[in-house]
Amino acid sequence: MECLFCKIVAGEIPSTKVYEDEFVYAFKDINPIAPVHVLFIPKQHISGASAVTAENAEIVGKIFTAIAQYAAQEKLDSGFRVITNCGEDAGQTVPHLHFHLLAGQPMGWSPKSGV
Ligand code: 5GP
Ligand code: ZN
């Protein structure tokens with residue numbers, strides 16, 4: 001098993017866990033870019049958004065359910081952003097599907113500002 005995030009799920013690499021259930025694991029990003037920066041990942045290895053299929057797509061709903069639950073628990077009432085990078089042009093650095101949850105400050109960039 002060479003995947004960094006699979007190793008984090010397995011506990012072989014330490015992480016600061018903020019949420020876990022049977023299917024989903026969430027932990028603080030090691031290099032936060034906002035006051036709240038958490039990564040939500042499937043426990044099952046999926047390489048990225050391009051590898052989501054009819055067979056495994058249910059996990060995406062479970063991840064967003066976990067995100068909503070965490071946002072309520074942490075009282076992120078002024079808002080949050082969820083981002084997934086897929087592939088080289090998007091700057092994906094870890095090839096295990098993950099969703100960045102960013103919160104705690106107004107966001108400077110939005111899709112409306114272009115890429
Ligand atoms: P990507 O660039 O693929 O969208 O996001 C990967 C994220 O994983 C980056 O924000 C990076 O800081 C984070 N990351 C990389 N290695 C580790 C690690 O070992 N532990 C934790 N907690 N985060 C990591
Ligand atoms: Zn993996």
Side-chain angles (χ1 to χ4, degrees):
M1 186 173 63
E2 292 306 315
C3 172
L4 176 66
F5 286 176
C6 282
K7 286 181 178 164
I8 284 180
V9 169
E12 291 169 22
I13 292 174
S15 65
T16 307
K17 178 173 83 175
V18 301
Y19 176 90
E20 181 176 17
D21 64 32
E22 190 182 345
F23 303 101
V24 178
Y25 189 82
F27 55 104
K28 291 188 177 175
D29 196 292
I30 205 168
N31 186 23
I33 61 162
V36 177
H37 188 172
V38 173
L39 300 173
F40 284 78
I41 70 174
K43 287 187 170 177
Q44 165 198 10
H45 181 84
I46 297 171
S47 62
S50 59
V52 174
T53 64
E55 284 67 43
N56 66 23
E58 210 180 331
I59 190 62
V60 178
K62 291 181 190 304
I63 287 172
F64 272 82
T65 304
I67 289 171
Q69 203 173 306
Y70 181 76
Q73 176 198 305
E74 296 300 310
K75 300 188 171 38
L76 305 180
D77 302 330
S78 56
F80 60 86
R81 179 170 288 164
V82 180
I83 293 174
T84 190
N85 293 316
C86 184
E88 199 180 333
D89 281 356
Q92 182 182 8
T93 57
V94 181
H96 181 127
L97 180 64
H98 53 281
F99 293 85
H100 299 256
L101 170 64
L102 301 168
Q105 64 175 51
M107 311 278 159
W109 177 88
S110 92
K112 282 174 276 187
S113 10
V115 292

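We count ligands from 1, going down the list as the structure has it; atoms in each ligand are counted the same way. Each residue takes its place number in the sequence, starting with 1.
Considering both main-chain and side-chain atoms, Ile13 never comes within under 3.5 Å of ligand 1 through any nitrogen or oxygen pair. Considering backbone and side-chain atoms alike, Asp29 places an N or O below 3.5 Å from some N or O of ligand 1.
Judged by distance alone, the side chain of His98 and the main-chain N or O of Ala26 form no donor-acceptor pair under 3.5 Å. Between the side chain of Asp29 and the backbone N or O of Leu102, no donor-acceptor pair lies under 3.5 Å.
Proximity to Gly91 (heavy-atom distance under 4.0 Å) selects the following atoms of ligand 1: 2 (O). Listed by number with element, the atoms of ligand 1 under 4.0 angstrom from any heavy atom of Phe5 are 8 (O). Atom numbering of ligand 1 starts at 1 in the shown order; those under 4.0 Å from a heavy atom of Gln92 are 3 (O).
Contacts between Leu39 and ligand 1 below 4.0 angstrom, taking non-hydrogen atoms only, involve the side chain exclusively. In Leu4, the part holding a heavy atom less than 4.0 Å from any atom of ligand 1 is the side chain. Only the backbone of Lys28 comes within contact range of ligand 1, with a heavy atom under 4.0 Å; no side-chain atom does.
Residue Ser15 places every heavy atom at 4.0 Å or more from ligand 1.
Among Ile41, Ile30, Thr93, Ile33, the residue whose heavy atom lies nearest to atom 14 (N) of ligand 1 is Ile30. When the heavy-atom distances from atom 4 (O) of ligand 1 to Val94, Thr16, Asn85 are ranked, the shortest goes to Asn85.
With a 4.5 Å cut-off on side-chain heavy atoms, Phe5 and Leu97 do not count as touching. You'll find the side chain of His100 stays beyond 4.5 Å of the side chain of Arg81, heavy atoms only.
The side-chain contact (heavy atoms from CB on, under 4.5 Å) test with Leu101 is passed by exactly one of Leu76, Ile63, Val18: Leu76.
A 6.0 Å sphere centred on CD of Glu88 holds no more than 12 heavy atoms belonging to other residues, nucleotides or ligands. Surrounding CD of Glu58 are at most 12 heavy atoms belonging to other residues, nucleotides or ligands under 6.0 Å away.
Here the heavy atom of the protein found nearest to atom 5 (O) of ligand 1 is His98 NE2, 2.9 Å.
Sorting the N, O or S atoms of His96 by how far they are from the Zn ion (ligand 2) puts ND1 first.
At the Zn ion (ligand 2), the vertex angle linking ND1 of His45 with SG of Cys3 is 110° (nearest 10 degrees).
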